[in-house]
Amino acid sequence: MASVPFSTNFFSPLHACFQTKTTQKSSPSPLWPSMAFSVPSAKLSIGSSKSAFFRSGFFLQSSNFPGIFVKSRFSGVYARAATDKTLYDFTVKDIDGKETPLSKFKGKVLLIVNVASKCGLTTGNYSELSHLYEKYKTQGFEILAFPCNQFGGQEPGSNPEIKQFACTRFKAEFPIFDKVDVNGPNTAPVYQFLKSSAGGFLGDVIKWNFEKFLVDKNGKVVERYAPTTSPFQIEKDIQKLLAA
């Protein structure tokens, strides 16, 4: 079978973040500010290939893979996979261990983020997420934060410690859930859904802390953002979905 004619270079963020509080003596200064690399920008269509959300890069429909639409920019390639499920089909545990059906968020615009407390991206993301939540929470917007320790061991604390960190240091008022795996054999079902709805064409792994999924009022994933995409860069997309 002929291959799809495009090139791929995968973003490897293994050194993109650093622990803000570390006992290692080999790294005297933060790595993040001096990092220089290109980040693939990937966005998914809302409803069709003619969506206004395809604002950059190029659109490709593969004759070898009917029904698969590919958006590529900076050689980063993602695909949109069809699924009949919605986010409302899942129940998760919150940070206090209480079972929480995600159907309670039906009719709201959701931003779902895998968070970490000791990442170079932590301060900027938590601060901006809290700002967006305060600004739009009365308009039907929610942020769902899922702690994950799979990237550099940068979310090592217990659930109570994670909760105290987010709520005390950043005044986070949005829901925070139980620590989960987002990749590998123990991937949480909700993240299996997110990745199948907006997975990578050649692999749907979450790349690093603070990767983001934007979900519409019907519980469908409509956008996926790289870890280095700041919450403020997503604000216009949030506004469009809230107005829809």
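None of the values given here were measured: they were computed from a predicted structure. Numbering of residues begins at 1 and proceeds along the displayed sequence.
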Nearest heavy-atom neighbours spanning [X] and [Y]:
{"X": "Asn114", "Y": "Cys148", "answer": "CB-CB, 4.4 Å"}
{"X": "Ala116", "Y": "Glu155", "answer": "CA-OE2, 3.3 Å"}
{"X": "Cys167", "Y": "Ala172", "answer": "SG-O, 3.6 Å"}

Verify, without hydrogens or angle tests, whether [X] (side chain) and [Y] (backbone) share a donor-acceptor contact under 3.5 angstrom.
{"X": "Glu173", "Y": "Tyr133", "answer": "no"}
{"X": "Ser117", "Y": "Ile162", "answer": "no"}
{"X": "Lys179", "Y": "Gly157", "answer": "yes"}
{"X": "Lys195", "Y": "Val205", "answer": "no"}
{"X": "Asn159", "Y": "Asp178", "answer": "no"}
{"X": "Lys212", "Y": "Thr229", "answer": "yes"}
{"X": "Glu128", "Y": "Ser230", "answer": "no"}
{"X": "Asp216", "Y": "Asn218", "answer": "yes"}

Taking [atom1] in [X] as the centre, count heavy atoms belonging to other residues, nucleotides or ligands within less than 6.0 Å. Is the count above 12?
{"X": "Gln164", "atom1": "CD", "result": "no"}
{"X": "Lys104", "atom1": "NZ", "result": "no"}
{"X": "Lys217", "atom1": "NZ", "result": "yes"}

Would you indicate whether the side-chain heavy atoms of [Y] and [X] approach each other to under 4.5 Å?
{"X": "Ser130", "Y": "Phe174", "answer": "yes"}
{"X": "Lys137", "Y": "Glu142", "answer": "no"}
{"X": "Val115", "Y": "Asn125", "answer": "no"}
{"X": "Val180", "Y": "Val92", "answer": "no"}
{"X": "Thr123", "Y": "Arg169", "answer": "yes"}
{"X": "Leu87", "Y": "Val221", "answer": "no"}
{"X": "Leu111", "Y": "Leu129", "answer": "yes"}

[atom1]-[atom2] distance between [X] and [Y], expressed to the nearest 0.5 angstrom:
{"X": "Lys220", "Y": "Phe193", "atom1": "NZ", "atom2": "CZ", "result": "6.0 Å"}
{"X": "Ile176", "Y": "Asp96", "atom1": "CD1", "atom2": "CG", "result": "9.5 Å"}
{"X": "Asn149", "Y": "Gln154", "atom1": "CG", "atom2": "CD", "result": "8.5 Å"}
{"X": "Asn183", "Y": "Ile206", "atom1": "CG", "atom2": "CD1", "result": "6.0 Å"}
{"X": "Leu144", "Y": "Phe105", "atom1": "CG", "atom2": "CZ", "result": "5.0 Å"}
{"X": "Ile238", "Y": "Leu132", "atom1": "CD1", "atom2": "CG", "result": "5.0 Å"}

Exercise for the section: Would you check, one step at a time, whether the test side chain to side chain contact (heavy atoms under 4.5 Å, CB included) holds for Thr228 with Phe210? Expected result: CA-CA 8 Å; Thr228 49; Phe210 297 99; over 6 Å; no
Practice task
Sequence neighbours left out, what pairs pass ring-ring contact (aromatic ring centres under 6.0 Å, His included) with at least one residue falling in residues 134-169?
Solution key: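 Checked against ring-ring contact (aromatic ring centres under 6.0 Å, His included) - neighbours excluded - the pairs reaching residues 134-169 are Phe146-Phe177, Phe146-Tyr191, Phe151-Trp208, Phe165-Phe170.
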Practice task
For the pair Glu99 and Lys93, evaluate side chain to side chain contact (heavy atoms under 4.5 Å, CB included) and give the outcome as yes or no after the intermediate values.
Solution key: CA-CA 4 Å; Glu99 295 285 337; Lys93 288 184 178 180; 3.2 Å; yes
Problem - N-O pairing of Lys171 and Glu134 below 4.0 Å - result: no
Exercise for the section: Please step through side chain to side chain contact (heavy atoms under 4.5 Å, CB included) for the pair Leu241 and Val215, ending with a clear verdict. Expected result: CA-CA 9 Å; Leu241 287 182; Val215 178; over 6 Å; no
